[in-house]
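Written below as structure tokens is the structure these notes are about.
All ligand and atom numbering here is 1-based and tracks the order in the structure.
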Amino acid sequence: MHADTKCVHSGADHDAYTGGLNTPIFPSSAHEYLDREDTAYPRYFNTLNQKVLVRKICDLEGAEDGVVFSSGMAAISSVLLSFLEPGDHAVLQDEIYGGSHAFVDAFFRRFGIDYTYAGTGAGDIAAAIRPETRLIFIETPTNPLLGIVDIRAVAEAAKRSGCLTVIDNTFATPILQSPISLGIDVVIHSGTKYLGGHSDLSAGAAVTRADLAAKIRHTAVNFGGNLNALSCYLLERSLKTLAIRVKRQSENALEMARYLDGDPAFGKVRYPGLPDHPGHDTARGQMSGFGAMLSFELGDPDFPVDDFMKRLRLIRPAVSLGGVESTICDPARTSHSKVTPEARARQGISNSLLRLSVGIENIDDLVEDVRQAIYR
Ligand SMILES: *Cc1c(COP(=O)(O)O)cnc(C)c1O
């Protein structure tokens, strides 16, 4: 089956009682246990709504098994602490999501885990591997600078060194990028973003091989970041339109990037679909579209970003991304506010950088919105 068909049909558990086409919502937290092998309990990640959702995401990512969480960070923290022990070393890309950065800085040393932040080049990541390195964590495209990591090259370097590879595939989605087919072990998503797609739920997922999924589930059961039945249902429903949403958003983003790039009123535009983007060729080789996130600066460095955002009529200044509606934010004050100013400067996240999440609206309306905001 193709991905767009899987979005609609994978994992589905039709309602045998009424013949309804949708998975029923089973809110019970207590279930009878006598004469039953597998008694469901939400924090054991084995309720029907959780299982159906896991099956759909696994099918989309080409994974065997997985866990759905109450947030992307619940997935990230559970996965990282499932595979790292005191004395281990981890290599993390410097440009990972701000919340992931904050988690690593707050907890790794406390648990005796050593770590190195590496640049976005596969060579930078390979060079940071040590004999005691157990895990490599990457994210591509990156947030908010849209850096591209060569997934195959990282997976090969990791295999040579016997390290586990984990990727945050939130920005690309399984529609545009299939990391497991490129050699990655564990794929993580913030379901709050594209998988949910309507800015109305919080969720996370980690999908992988069956043996690794069992380890993650063991950690997750203890941490307790399970997803409730209603959110499972909402996310399952959202996934049915994932392919068409992401394709439209990605096409819109390419047109928006070309417009911004060609208008001198705007400064540097970062979008992997632009030929002069440093990761353009790598992105072509591992993605089937360039995604719907882009970042840019205003041509006039003295033009306050708040004024620009307030003049927008359609695109909403909002934290988060990946919804059907276009949203914009300045990462220095939002997603990366918990990253130290030094780390932000090292990565190139200036105070005037704007990150745009392009929605499914008509592209002409979106282009007109940014145009009128800068020229008004
Ligand atoms: C938002 C985000 C996360 C964290 O997800 P939450 O659902 O907010 O916990 C992780 N990675 C990326 C790339 C994100 O954009």
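At the top of the distance list for atom 1 (C) of ligand 1, counting protein heavy atoms only, stands K193 NZ, 1.3 Å. The protein non-hydrogen atom at the shortest distance from atom 5 (O) of ligand 1 is S190 OG, 2.9 Å. Protein heavy atom nearest atom 8 (O) of ligand 1, with residue, atom name and distance: Y97 OH, 4.0 Å. Scanning the protein for heavy atoms near atom 11 (N) of ligand 1, the closest one is D168 OD2, 2.6 Å. Regarding atom 7 (O) of ligand 1, its nearest protein heavy-atom neighbour is T192 OG1, 2.6 Å.
Ion pair K268/D261 not flagged as a salt bridge, since none of the NZ, NE, NH1 or NH2 atoms sits closer than 4.0 Å to an Asp/Glu carboxylate oxygen.
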(Q) As a quick check of understanding, evaluate ring pair (Phe, Tyr, Trp, His ring centres under 6.0 Å) for H101 and Y117, giving each step before the final call. (A) CA-CA 9 Å; H101 225 281; Y117 284 121; 4.1 Å; yes
Q | Evaluation steps, salt bridge (Lys or Arg N to Asp or Glu O under 4.0 Å), between R371 and D263 | A | CA-CA 9 Å; R371 202 197 58 76; D263 189 330; over 6 Å; no
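Using cut-offs of 30° and 60° on the angle between ring planes, the pair F290 and H280 is parallel.
Contact detail for A172 and M287: the closest heavy-atom pair is CB-CE, 3.9 Å.
Every atom of ligand 1 is numbered from 1 in the order shown, and the set under 4.0 Å from a heavy atom of A203 is 7 (O). Shown in contact with I76 at under 4.0 Å from a heavy atom are these atoms of ligand 1, numbered in order with element: 10 (C).
Residue-level proximity to ligand 1 for S335 is absent, since no heavy atom of it falls below 4.0 angstrom.
The shortest N or O to N or O distance between G72 and ligand 1 is under 3.5 Å.
Checking E139, M73, M293 against atom 9 (O) of ligand 1, the nearest heavy atom belongs to M73.
Residues N226 and Y44 have side chains that never bring a donor and an acceptor to within less than 3.5 angstrom of each other.
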